[in-house]
Structure formats: C-alpha cells, structure tokens
Amino acid sequence: MNELSQTLTQPAVASASWFDFAKRHRAILASIFVLVFPLVMPFTALAVNILIYGLYAVGFNLLFGYLGLLSFGHAALFGTGAYLCGIAIVHLGWPWYVAIGMGILGGTVMAAAIGSLAIRTRGIYFAMVTMALSQCVFYLFYQAVDWTGGENGLRGINVRVIDILGFKFDFINPLTRYYVVAAFVIMALFVLSRILASPFGAVIEAVRENEARARASGYNVTLTRLITFILSGAFCGLAGALMALHLSIVPIEILHIETSGMVVMMSLLGGMGTFFGPFVGAAVFLLLENLVSLWTVHWQLIVGAVFMICVLFFPAGIWGTILKRINK
C-alpha cells in the first residue's frame, strides 16, 4: 500500500518541483524565450511589436493581475513615455538612451499624478476615473501641437545607429532592432521578478487577496496601491519609449482609449497575475490581427470571438490555464 501511495504521489511531486524551479528562474526562462523568439516568427517587425506590447501589458498586469485594480487609463502612461522619448530626440536633440530614460520618467510621473487621484476610489469607480484622466491627457497632448504634432503625431524620431560603449549597431536592421528592444525587455523582466519576489511583492498580493486583513496587519494599503501604480507606469513608460524608437513616429492614437482597452484584452488572453502571460496575450492578439486582416477587414469580429471563447472556457487565460494544468 505504501509503495502504491509513493508511486501515485511521485508525478505530483515532480510537477511541483518543476513548477517551483520555473517560478524561481522565471526571468531567465522568459529571457531565453525572448532571445529565440524571432526565429519562429513570420517577420521580425511583428516580433518587435509583440515584445513592446507585451511589456506594456506587463505594466498593466502588475496593477490588475497582482494588485487587483482595473485601469482603463494605461494608454496615458504608455503614450506619455512614447511622446517624451520622441520630444527628447526631435526637439531637444538628446541621445537615444537619455530619451528612453525620459520615457520611463514620463510614465512614472504621469502614473504618480493619475494614481494619487484615482486610488481614492474603488472598483468600477477606479476604472472610470483612470479612463477620464487618460482622456484629459489625450486632450493635452492633442492640443500641444508645437511639441507633439497634434493630430498628425510626432514625426522625425530617426535613430539609425545605436552606440553602446563604442560599439555601433545598425538600428535600421530589423534583427538588430529586435535584440536592442529585447535587451530592455529582459532587463525589465528581471526587475519585475525581483519586485514580485521581494517582501513588497508579497504585500501587493496580500492587498489583492484581502485588503482588510492587510490593513489590520499594519500595512499601508493606500501607499501600496500608489507605489504599485507608479511602478506600473515605469514599465509602461519604457514600453512607450521603445515604441517611439521602433516606429520613428508617435501617433496620437497611442493615447486613445482603444489602446487602454487593447492592453486589457492582451492581459486577459494571456492570464492575469502570471509572469509571462502578458507576452502570450500580446502574441495571440497581434498574430490574429495580422493574419486575419489578410483575409478580411473585419478582423475585429474574429479577435472578439476568440476573446469571448477564452473568457468563457479559459478564465485563467491561455498561459494561466497551462500553468494550472502543469501544477496539478
């Protein structure tokens, strides 16, 4: 009987040990996948888009998936990072690496401004306040024509050569561009992994699971929400800056409410509260958009149908469902 019991529990123990190993080294495993990803994609530009939107979804997932706050205003953080990166290059003539820093700073400061107002609310009210404030940001950038180009967007972000410690890389080359973007994404993943593994990461999840108990344990719930929102803004600002360099322009649509809705869909498709789920969701969404749009201009109907199927039959998201099956 004991031998039979040991035989039955061995697969479960092996699965749990594999899951624990993957969780401890999730940043390394994700980085390896990022490095080989362009080899399995139909074209490199799509792979770059998936990386950037995946990073954008990572920032959103930190707030919604790990903290439990639904925001409909993350386009403001993503777009501010893109615009400030572009303004630093086009109007101020700053080098690309300083411009990326400006994008991160822009997303962080905008998150602090929006978050300090939005965290006073809860539930659907939080979502509506973030959406309203995001629309205010859209209007501000739309009206600042001299700096942002207004409805025509900000153009002329021409970065042709990436100079790193004396080594020059051709940023026009699609594969080089991918790995430059991938380097920043990998660094962001390691930072995220460190945040989630820290005591503060445990507090974030404690607030999500039971806010009253977290407050009774002595944690400052309001400050935790604000700091998490600011960290989310930093990731989104970096994604926006990388998008500006990738596209060489910043369209005004990057601040539109549709961009906020898109990141919600990507995160739900991949799996909320999972480390790699945002990239899976971004890949599924963008692959469907690119492939289905070749057959019909009504690709949104197909993407919407796939989204509804995932919500109904895979409520944990694609990647979240896979993790649950492995962990059984």
Side-chain angles (χ1 to χ4, degrees), residues 15 18-19 21-67 70-71 74 78 178 181-182 184-193 195-196 232 235-236 238-239 242-243 259-293 299-300 302-328:
S15 177
W18 183 92
F19 189 81
F21 173 83
K23 187 174 182 180
R24 286 197 303 270
H25 302 285
R26 54 193 171 189
I28 296 175
L29 295 175
S31 300
I32 293 172
F33 179 83
V34 167
L35 291 175
V36 302
F37 185 56
L39 304 179
V40 299
M41 291 301 295
F43 48 94
T44 310
L46 177 59
V48 176
N49 282 335
I50 290 172
L51 274 193
I52 294 173
Y53 277 109
L55 181 59
Y56 174 35
V58 162
F60 175 80
N61 186 42
L62 179 61
L63 185 70
F64 184 35
Y66 288 99
L67 185 62
L70 174 60
S71 167
H74 261 55
F78 185 54
Y178 174 87
V181 171
F184 285 98
V185 171
I186 289 171
M187 286 188 287
L189 288 175
F190 275 94
V191 171
L192 175 65
S193 180
I195 292 172
L196 296 177
S232 175
F235 286 107
C236 293
L238 173 59
L242 294 174
M243 180 61 78
T259 307
S260 293
M262 182 191 301
V263 76
V264 176
M265 288 188 66
M266 289 177 176
S267 300
L268 290 174
L269 281 172
M272 299 304 305
T274 61
F275 187 78
F276 196 65
F279 290 96
V280 175
V284 171
F285 183 92
L286 294 176
L287 280 170
L288 283 173
E289 178 184 350
N290 279 269
L291 295 177
V292 178
S293 61
W299 61 268
Q300 295 95 334
I302 308 298
V303 174
V306 172
F307 179 73
M308 287 189 293
I309 291 171
C310 286
V311 169
L312 290 173
F313 299 101
F314 306 99
I318 298 171
W319 186 247
T321 302
I322 293 173
L323 291 180
K324 283 187 175 181
R325 296 282 177 85
I326 293 175
N327 199 31
K328 281 185 178 180

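Nothing fancy with the numbering, it's 1 onward along the sequence.
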Peer 1: Could you walk me through whether M243 and N49 pass the side-chain contact (heavy atoms from CB on, under 4.5 Å) test, one step at a time?
Peer 2: CA-CA 8 Å; M243 180 61 78; N49 282 335; 4.2 Å; yes

Peer 1: A side-chain contact here means heavy atoms from C-beta on lying under 4.5 Å apart; do V303 and V292 qualify?
Peer 2: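 Not in contact.
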
Peer 1: I'd like to know if the side chain of S267 reaches the main chain of V263, judged simply by a donor and an acceptor atom lying under 3.5 Å from each other, with no hydrogens or angles considered.
Peer 2: yes

Peer 1: Search all heavy atoms of M262 against all heavy atoms of F285 and return the closest pair with its distance.
Peer 2: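 Nearest pair, atom of M262 first, then F285: CG-CE2, 3.8 Å.
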
Peer 1: Evaluate the side-chain proximity of L189 to F275: yes if any heavy-atom separation is below 4.5 Å, no if none is.
Peer 2: yes

Peer 1: Do F60 and Y56 have ring centroids that are under 6.0 Å from one another?
Peer 2: no

Peer 1: So, do M187 and L238 sit near enough that their side-chain heavy atoms are less than 4.5 Å apart?
Peer 2: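 No, their side chains stay 4.5 Å or more apart.
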
Peer 1: F279 and L55: which non-hydrogen atoms are nearest, and at how many Å?
Peer 2: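 Between these two residues, the closest heavy atoms are CE2-N, 3.7 Å.
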
Peer 1: How far does CG of N61 sit from CG of L268, to the nearest 0.5 angstrom?
Peer 2: 9.5 Å

Peer 1: To the nearest 0.5 Å, what is the distance between CH2 (W299) and CG (L288)?
Peer 2: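 Interatomic distance, W299 CH2 to L288 CG, rounded to 0.5 Å: 9.5 Å.
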
Peer 1: Specify the closest pair of heavy atoms between S71 and V264, including all atoms of both residues, with the distance to one decimal.
Peer 2: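 Of all heavy-atom pairs spanning S71 and V264, the closest is O-CG2, 4.1 Å.
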
Peer 1: Restricting to side chain to side chain contact (heavy atoms under 4.5 Å, CB included), what partner residues turn up for T274, sequence neighbours left out?
Peer 2: P278, W319, L323

Peer 1: Write down the atom of C236, the atom of H74, and the distance for their closest heavy-atom approach.
Peer 2: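 Smallest heavy-atom distance, with atoms named: SG-CD2, 3.4 Å.
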
Peer 1: Take a 6.0 Å sphere around CZ of F37 and say whether it holds more than 12 heavy atoms from other residues, nucleotides or ligands.
Peer 2: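 Atom CZ in F37 is crowded, with more than 12 foreign heavy atoms closer than 6.0 Å.
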
Peer 1: Any idea which heavy atoms bring Y178 and A47 closest together, and the distance?
Peer 2: CE1-CB, 3.7 Å

Peer 1: Suppose we screen for side chain to side chain contact (heavy atoms under 4.5 Å, CB included). Which residues come up paired with I32, at least two apart in sequence or across chains?
Peer 2: I28

Peer 1: Verify side-chain contact (heavy atoms from CB on, under 4.5 Å) between L62 and L196, making sure each step is shown before the conclusion.
Peer 2: CA-CA 9 Å; L62 179 61; L196 296 177; 4.2 Å; yes

Peer 1: Run V191 and F235 through side-chain contact (heavy atoms from CB on, under 4.5 Å) and show every step you take.
Peer 2: CA-CA 10 Å; V191 171; F235 286 107; 4.2 Å; yes

Peer 1: If you define the side chain from C-beta out and look only at heavy atoms, does anything of L35 sit under 4.5 Å from I186?
Peer 2: yes

Peer 1: Main chain of L286, side chain of N290: is a donor-acceptor contact present, judged purely on distance under 3.5 Å?
Peer 2: yes

Peer 1: Taking all non-hydrogen atoms of both residues into account, name the closest pair between L63 and S232 and its distance.
Peer 2: CB-OG, 4.2 Å

Peer 1: Quick check, are the ring centers of F276 and F33 under 6.0 angstrom apart?
Peer 2: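 Judged by ring-centre distance (under 6.0 Å), F276 and F33 do meet the cut-off.
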
Peer 1: I need the F190 CZ to R26 CZ distance, nearest 0.5 Å.
Peer 2: 11.5 Å

